[in-house]
Enquirer: 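Sharing a structure here in structure tokens format.
The shown structure was predicted, so the numbers you read here are calculated from the model rather than taken from an experiment. Heads up: numbering here begins at 1 and tracks the sequence.
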Amino acid sequence: GALSLVDMYPATFSFLHKWKIQAPDEPVDRKKLIHCMLTCIFNQICINGPLAYLLYGMYKYTGMSVLPADIPTLATVIRDLCIFGIVEEIGFYYGHRLMHIPFFYKRFHKQHHEWTAPVGCVAIYADPLEHITSNLLTVMMGPWVCGSHILVYWLWLFTAVHVTVQVHSGYH
């Protein structure tokens, strides 16, 4: 998002360089960034959408409610978000380690590591199989475990995506 503009036009946003982790004066390769963004758009439209549709039945089976009358208390929201974070961290850790086994790295994960000086959209710049296993399923597991209300799930998705993009942005 906004930090990609900072990367593309470093002279315009030089006052932000003090927070850049790597090479603040080098503009991002626009062709490479556009390819990254197109891959991310593909993953969002062609992977996320159909997967959410296919897994809707599983969410209903776990007890996820969409009814306004079932909106949980603040304590339940906090409990669920804590569980989501723990489940996601464990799932992502082992899923990411799996992607570094040479067989999987060469075929799926190497694409993600093409960026040595990261930008935010690199967060989901991944092969579709890696995107499903490492990016999506790890974030979805917590809500499945808890059977949480859809509003809590949406809050979790917003938070998880924000944190992931920030971590990959290359800024403190």
Enquirer: Is there a side-chain contact between Leu155 and Leu151 (heavy atoms, below 4.5 Å)?
Expert: no

Enquirer: Is there a path from Tyr125 to Leu33 through hydrophobic residues (I, L, V, M, F, W, Y) whose side chains come within less than 4.5 Å of each other?
Expert: yes

Enquirer: Ser148 versus Trp156: any side-chain heavy-atom pair under 4.5 Å?
Expert: no

Enquirer: When rounded to the nearest 0.5 angstrom, what distance separates CD1 in Ile78 from CG in Leu74?
Expert: 4.0 Å

Enquirer: Test of understanding: with side-chain hydrogen bond (donor to acceptor under 3.5 Å, both in side chains), list the residues that count as partners of Arg30, not counting sequence neighbours.
Expert: none

Enquirer: OH of Tyr153 to CZ of Phe158: how many Å apart, nearest 0.5 Å?
Expert: 15.5 Å

Enquirer: His112 and Asp127: side-chain donor and acceptor closer than 3.5 Å?
Expert: no

Enquirer: With the side chain counted from C-beta on, respond yes when Met99 and Phe108 share a heavy-atom pair under 4.5 Å apart, and no when they do not.
Expert: yes

Enquirer: For residues Tyr171 and Trp19, establish whether the separation of their ring centroids is below 6.0 Å.
Expert: no

Enquirer: For Asp29, what residues pass the side-chain hydrogen bond (donor to acceptor under 3.5 Å, both in side chains) criterion, not counting sequence neighbours?
Expert: none

Enquirer: Are the side chains of Asn135 and Val139 in contact, using a 4.5 Å heavy-atom criterion?
Expert: no

Enquirer: Look at the side chain of Lys32 and the backbone N and O of Trp115, then say whether any donor-acceptor pair between them is shorter than 3.5 Å.
Expert: no

Enquirer: Taking only residues two or more places apart in sequence or in another chain, which ones pass side-chain hydrogen bond (donor to acceptor under 3.5 Å, both in side chains) with His109?
Expert: His96, His100, His113, Glu130

Enquirer: When rounded to the nearest 0.5 angstrom, what is the spacing between OG1 in Thr76 and CG in Asp70?
Expert: 11.5 Å

Enquirer: If I compare all heavy atoms of Pro143 with all of Thr62, which pair ends up nearest, and what's the gap?
Expert: O-OG1, 4.5 Å

Enquirer: Can a donor-acceptor pair be found, under 3.5 Å and without considering hydrogens, that links the side chain of Arg107 to the backbone of Phe103?
Expert: yes

Enquirer: Got a second to check how far Ile124's CD1 is from Ile41's CD1, nearest 0.5 Å?
Expert: 9.0 Å

Enquirer: Going from OG1 on Thr39 to CE on Met37, what distance comes out if it is rounded to the nearest 0.5 angstrom?
Expert: 11.5 Å

